[in-house]
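Here is the structure we will look at, set down as structure tokens.
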Amino acid sequence: MSSHRYQPSSLEPKWQEYWLKNKTFRTPDPGQDDFDQSKPKYYVLDMFPYPSGAGLHVGHPEGYTATDILARYKRMKGFNVMHPMGWDAFGLPAEQYAVQTGTHPSITTRTNIDNFRRQIQSLGFSYDWDREISTTHPAYVRWTQWIFSLLYETWFDEAEGKGRPISELPVPEELKGAQRVAYINSKRLAYIDEMAVWWCSALGTVLANEEVIDGKSERGNHPCMRLPLRQWMLRITAYASRLGRDLDEVDWPEETKKQQREWIGESQGAEIDFQVDGSSDKIRVFTTRPDTLYGATFMVLAPEHGLVTKLTTPEHAEAVHDYVLKTASKSELERSANKEKTGQALGSFAINPVNGQKIPIWISDYVLATYGTGAIMSVPGHDERDGEFARQFGLPIVEVVKAPEGFEGDCFTGEGIAINSPLFDGQATPEAKKTIIAHLEKEGKGKGKTQYRLRDWIFSRQRYWGEPFPIIHRQDGTSELVADSQLPVELPDLEDFRPSGNPEPLLAKAREWVNTKDSAGKDALRETNTMPNWAGSCWYYLRFIDPRNDQQPWDREREKYWMPVDLYVGGREHAVLHLLYARFWHKVLFDRGYVSTPEPFRKLFHQGMILGMAYEDQEKKLVPSDQVSEVDGTFMAHGQPVKQVVAKMSKSLKNVVNPDDILREFGADSLRMYEMFMGPLDITKPWNTKDVGGVYRFLQRVWRLLVDEESGALKPAGLADAPELERALHRCIKKVGDDIERMAFNTAISAMMIFLNEASANNAPLLSQSQRERLVLILSPFAPHLCEELWERLGHKKTLAYHSFPSYSEDMLVDDVIEVPVQVNGKLRARLQVSPEIDKDELEKMARQAVAEWLDGKETKKVVVIPKRMVNLVV
RNA sequence: GCGGGAGUGGCGGAAUGGUAGACGCACGGGACUUAAAAUCCCGGGAUCGCAAGAUCGUGCGGGUUCGAGUCCCGCCUUCCGUACCA
């Protein structure tokens with residue numbers, strides 16, 4: 001056995017230590033001595049991880065390797081590269097672990113971070129570790145609270161369409177004292193409101209709308225219910241329009257932009273007031289089809305609507321009460337699963353503002369309390385749901401839009417010509433909308449309105465392991481911010497983290513902490529809610545720019561230089577949550593002059609999910625991998641054959657791949673290479689450990705090409721660049737560079753394998769010193785440990801990380817002889833070896849000769865000759 | 001229901017409208033070895049044929065084109081997202 005084989009286990013730690021010790025990847029900032037202003041900047045960011053107890057899984061290194069290749073490549077291309085890593089470490093798992101074991105979340109968090117850092121460093125990523133941050137660190141929490149304070153001190157000026165300091169808010173003069181305070185509070189971007197929110201008793205907290213799916217918590221899948229509670233809210237709706245519009249300006253996947261647009265859910269329409277018959281009450285509705293107002297034959301309120309009790313007549317009271325109770329007890333899932341319409345008449349009537357008709361008022365759970373005004377005008381002739389409801393309960397249907405010829409179906413929901421609408425009969429839908437809106441505005445009965453699906457962000461949680469609010473409640477019922485100089489408000493120590501089962505925040509138990517003084521020195525109480533764990537990730541990309549600044553969240557000059565993030569890589573699961581919240585905070589910071597760009601992330605890329613192998617028995621049930629064995633090429637479990645399929649990695653299927661194991665067997669460079677070689681970065685793909693051997697062998701062959709395995713000495717180099725290899729190398733350099741730029745890492749690796757195959761073929765000439773060096777350089781972003789080692793052995797004293805990426809010349813890309821296919825009637829019949837400079841007529845002549853037997857005696861109708869590509873003869 | 005991807009060998013995948021299956025895995029054969037591992041070489045889309053070769057072939061059916069995996073129309077399957085948003 002040769003003693004100088006490629007040994008990642010000894011070579012990789014050596015270089016990881018070297019990089020850390022020499023701070024190879026420290027990034028100088030503007031204003032520092034070693035900062036080079038002449039270079040362009042490149043900020044490449046990973047979505048930072050939540051450091052879970054389970055450690056890294058193979059999905060993490062996928063995105064991290066991609067960004068690392070880009071970071072290393074851009075450094076070699078002469079960019080100042082910002083490439084940081086940190087920890088999104090607040091959140092429920094650490095707290096749930098504390099409930100089970102009594103270990104304080106801060107201890108769990110520290111252990112997990114240490115483990116994550118160790119694992120990430122063992123993969124050789126070129127992060128600037130001097131910029132490491134954790135959202136849980138007091139020096140970070142301080143500025144998260146500072147941004148909250150900024151939100152609290154900002155109001156949204158509709159006229160200017162931007163956030164402004166609360167001190168500039170025009171307050172009506174007649175408002176004094178408590179009224180004045182209440183008015184100001186009602187305009188803040190951070191405000192307290194009582195509203196129906198999702199409460200999850202298993203998690204012991206309320207959740208944001210975005211965190212609840214089908215009535216179950218996104219995390220843990222626990223049932224949630226709606227309760228009216230007093231909560232901190234962030235006025236993200238004020239930015240709805242800009243959050244939608246500015247998506248046009250960023251280079252993001254269309255799917256993601258679309259998801260955000262749909263989440264924001266902008267729709268144009270009108271608000272219309274319906275007078276209640278015999279009462280001064282009005283019911284306000286939102287509709288996107290005000291042109292169908294003549295067809296509104298009844299109204300439907302959400303069961304939770306505030307006027308329900310008041311508008312119920314005594315003879316309907318019992319039935320209405322029953323219906324409201326029934327709705328409240330139904331889970332969201334039951335509500336949406338059952339598409340059959342249910343409802344209950346209230347017994348009272350409203351007046352259709354355009355024709356004075358008396359129309360009945362109903363309640364039904366198909367009208368959502370949380371959208372629009374929680375009430376609708378029902379137009380059963382032109383809305384599917386209203387139509388179903390009307391047929392169910394025998395309510396009148398009036399046609400007010402002419403359906404096109406040949407339209408079949410009960411309900412025409414498209415645009416058409418207005419009929420049975422005296423004010424605008426004959427008008428097309430868009431025109432009719434304008435007419436009716438103008439009419440309603442003149443009468444004071446309605447107005448044009450843009451409605452958003454987006455709700456304000458419920459920002460408080462009742463948990464422990466999150467940022468406390470920098471808020472103090474005074475005795476008189478008013479509140480004040482904790483002074484910036486007093487930040488951060490740190491979490492009190494707590495021993496018992498069990499949820500109380502009621503919506504009382506956990507921090508309320510910390511009596512000594514809660515009791516405090518206000519700025520006037522009077523007894524006061526701290527806010528006991530904590531922030532959701534999105535808070536820390538809303539601005540971490542800004543803190544990376546200036547992570548140790550204790551005077552301000554970041555230096556403005558540095559921010560101007562580094563922002564925006566040039567490339568942001570992370571999973572699709574954050575398409576609406578994190579990415580929308582972060583954009584919102586960024587826009588507020590922009591309006592208030594703290595950042596220089598309206599959008600934080602210029603280009604966004606989602607890596608695909610990595611799935612595991614799984615086995616399916618004949619009943620199509622998945623069998624855990626440890627019960628499966630391979631016998632003569634077929635997979636067997638419990639004596640039955642099973643089929644190999646792909647499925648999500650999960651503990652229960654026993655198919656989770658641990659990067660540590662792969663690393664031990666093949667090394668970090670192979671793991672990196674394999675993750676990139678699996679396929680395109682953005683697609684879902686199955687992990688197959690056997691395939692890692694392929695890239696491992698490739699790296700071994702690179703090693704053997706340069707190093708004598710017997711002696712460990714560098715093999716002799718060729719004296720000059722062998723021309724055929726030189727051409728192949730130029731082609732490879734071009735392909736690798738182009739493919740890195742377009743993030744097609746799999747084909748870049750394939751190109752290097754092709755070059756290696758040529759360079760190590762039996763009759764291949766020796767690589768020259770220059771050729772070896774260039775090979776090492778282009779491979780180095782992918783397999784940095786191996787390449788640093790080879791670089792050193794090639795005689796270099798300094799890291800290759802800042803050496804310029806090899807260049808290629810165009811005329812080296814062309815071969816002396818190329819193969820040109822000849823087709824007859826589109827079918828391949830011959831191949832010609834010709835010079836690329838051959839002229840068209842000559843090529844045609846050669847082609848005719850080559851396929852003479854196919855042309856025999858036939859007349860050529862058409863000849864297509866594409867120089868350097870192909871010849872097609874049509875007979 | 002709606003929206004968005006994707007369907008190419010045994011598997012992962014590659015192909016600016018121009019030689020389909022690069023590269024890798026697995027598999028088969030061979031070399032080296034006492035043997036194995038490791039390494040190296042050769043071969044693999046299907047069908048027919050001893051072979052040269054021929055025919056078919058990128059989910060299915062049409063179309064555009066000298067030429068379609070790629071573009072257009074209509075389906076099927078599958079994955080992901082979303083769910084009464086007025």
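Labels below follow one simple rule: chain letters A, B, ... track the order of the sequence lines, proteins then strands, and each chain is numbered from 1.
Checking B:U19, B:G18, B:C84 against every side-chain atom of A:Asp365, the shortest atom distance belongs to B:C84. With distances taken from any side-chain atom of A:Arg829 to the nucleotides B:A54, B:A26, B:C66, the minimum falls on B:A54. Side-chain proximity of A:Asp383 to the nucleotides B:A86, B:C25, B:G81 is greatest for B:A86. You'll find that the side chain of A:Arg5 is closest to B:A38, out of B:A22, B:A38, B:A86. Nearest nucleotide to the A:Tyr366 side chain, out of B:A54, B:C84, B:A22: B:C84. Of the candidate nucleotides B:G4, B:A54, B:G12, B:G4 has the atom nearest to the side chain of A:Glu255. For A:Arg742, the side-chain atoms get nearest to B:A15 when compared with the rest of B:A15, B:A86, B:G81.
In this entry the distance linking CG of A:Asp691 with C1' of B:C27 reads 14 Å, nearest Å. When rounded to the nearest whole Å, the span between CG of A:Leu779 and C1' of B:C23 equals 15 Å. Atom CG in A:Leu368 sits roughly 10 Å away from atom P in B:A86 (whole-Å rounding). Atom CD in A:Glu340 sits roughly 14 Å away from atom C1' in B:C84 (whole-Å rounding). Taking atom CZ of A:Phe782 as the reference point, atom P of B:G24 lies 16 Å away to the nearest angstrom. In this structure, CZ of A:Phe677 is placed 14 Å from C1' of B:A26, rounded to the nearest angstrom. Nucleotide B:G67 holds its P atom 10 Å from the CE atom of A:Met870, rounded to whole Å. Between the C1' atom of B:G53 and the CG atom of A:Leu828 lies a distance of 13 Å, rounded to the nearest Å.
A:Arg731 comes within 4.0 angstrom of no nucleic acid atom, judged by non-hydrogen atoms across all strands. At the heavy-atom level, A:Gln823 lies under 4.0 Å from base atoms of the strands shown. At a threshold of 4.0 angstrom between heavy atoms, the contacts of A:Asn688 with the nucleic acid are absent. At the heavy-atom level, A:Val864 lies under 4.0 Å from base atoms of the strands shown. Counting any heavy atom pair closer than 4.0 Å across all strands shown, A:Ile683 reaches sugar-phosphate atoms only and no base atom. Residue A:Arg261 is classed as having no contact, given no heavy-atom separation below 4.0 Å to the nucleic acid. Within 4.0 Å of A:Ile754, counting heavy atoms only, lie sugar-phosphate atoms of the nucleic acid but no base atom.
When the P atom is compared between B:U82 and B:G59, the two are found 29 Å apart, to the nearest whole Å. For the P atoms, the distance from B:G81 to B:C72 is 27 Å, rounded to whole Å. A distance of about 35 Å separates the C1' atoms of B:C75 and B:A26, rounded to the whole Å. Comparing B:A14 with B:G69, their C1' atoms are spaced 11 Å from each other, to the whole Å. Taking atom P on both nucleotides, B:C71 is separated from B:A6 by 10 Å, rounded to a whole Å. Remark: the separation of the P atoms in B:U70 and B:G7 is 11 Å, to the nearest Å. Using atom C1' as the reference point in both B:G45 and B:G57, the two lie 8 Å apart (nearest Å). Spacing of C1' atoms, B:G67 relative to B:A46, comes out at 24 Å, to the nearest Å.
Aromatic ring pairs are classed by plane angle as parallel below 30°, tilted from 30° to 60° and perpendicular above 60°; the pair A:Phe286 and A:Tyr371 is perpendicular. Aromatic ring pairs are classed by plane angle as parallel below 30°, tilted from 30° to 60° and perpendicular above 60°; the pair A:Trp362 and A:Phe389 is perpendicular.
One finds a side-chain N or O of A:Ser267 lying less than 4.0 angstrom from the OP1 or OP2 phosphate oxygen of B:A86. Regarding contacts with the backbone of B:A14, a side-chain N or O of A:Asn746 is found under 4.0 angstrom from either OP1 or OP2. Distances shown here put a side-chain N or O of A:Gln700 below 4.0 Å from the OP1 or OP2 atom of B:U39. Phosphate contact (OP1/OP2 of B:G24, side-chain N/O of A:Asn757, threshold under 4.0 Å): present. Contact annotation: A:Lys685 side-chain N/O to B:C25 OP1/OP2 distance is not under 4.0 Å.
Nearest heavy atoms, A:Met753 versus A:Val695: CE-CG1, 4.0 Å. The minimum heavy-atom distance between A:Ile264 and A:Ala240, with the atom names listed, is CG2-O, 3.7 Å.
Ion pair A:Arg284/A:Asp273 flagged as a salt bridge, since at least one NZ, NE, NH1 or NH2 atom sits closer than 4.0 Å to an Asp/Glu carboxylate oxygen. Remark: A:Glu254 engages A:Lys257 in a salt bridge, criterion side-chain N to carboxylate O under 4.0 Å. Here A:Arg848 pairs with A:Glu844 in a salt bridge; the nearest charged N to carboxylate O distance falls below 4.0 Å. Ion pair A:Arg453/A:Glu266 not flagged as a salt bridge, since none of the NZ, NE, NH1 or NH2 atoms sits closer than 4.0 Å to an Asp/Glu carboxylate oxygen.
Aromatic ring centres of A:Phe698 and A:Phe677: separated by at least 6.0 Å.
Annotation: of the two residues near RNA chain B, A:Lys258 and A:Asp386, the 5′-most nearest-nucleotide partner is A:Lys258. A residue-by-residue look at A:Asn825 and A:Ile866 shows that A:Ile866 has its nearest nucleotide of RNA chain B further toward the 5' end.
Here the NZ-OH distance, from A:Lys341 to A:Tyr366, works out to 7.0 Å after rounding to the nearest 0.5 Å.
No more than 12 heavy atoms of other residues, nucleotides or ligands lie within 6.0 Å of NZ in A:Lys845, so this atom counts as exposed by the packing criterion.
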Close N or O pairs between protein and nucleotides 40-49 of chain B (under 3.5 Å):
| from | atom 1 | to | atom 2 | distance (Å) |
| --- | --- | --- | --- | --- |
| B:C40 | OP1 | A:Arg704 | NH2 | 3.2 |

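Side chain A:Lys341 to base B:C84: a donor-acceptor pair is found below 3.5 Å. Between the base of B:U19 and the side chain of A:Glu819 there is a donor-acceptor pair shorter than 3.5 Å.
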| said: Only Watson-Crick and G-U wobble pairs with both distances less than 3.5 Å should count. Give RNA chain B in dot-bracket notation, marking inter-strand partners with |. | reply: (((((((..(((.....[....))).(((((.......))))).((((....))))..(((((..]....))))))))))))....
| request: Give the intermediate values and the outcome of side chain to side chain donor-acceptor pair (under 3.5 Å) for residues A:Thr342 and A:Tyr323. | output: CA-CA 9 Å; A:Thr342 58; A:Tyr323 186 81; 2.7 Å; yes
| message | Checking A:Trp252 against A:Phe605 for the ring-ring contact (aromatic ring centres under 6.0 Å, His included) test, could you report, in this order, the C-alpha distance in whole Å, the side-chain angles of both residues, the deciding distance, and whether it holds? | response | CA-CA 7 Å; A:Trp252 285 22; A:Phe605 196 94; over 10 Å; no
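In this entry the base of B:G44 is syn relative to its sugar, with a glycosidic angle within 90° of 0. In this entry the base of B:G5 is anti relative to its sugar, with a glycosidic angle more than 90° from 0.
A donor-acceptor pair under 3.5 Å links the side-chain atoms of A:Arg672 to the main chain of A:Phe782, judged by distance alone.
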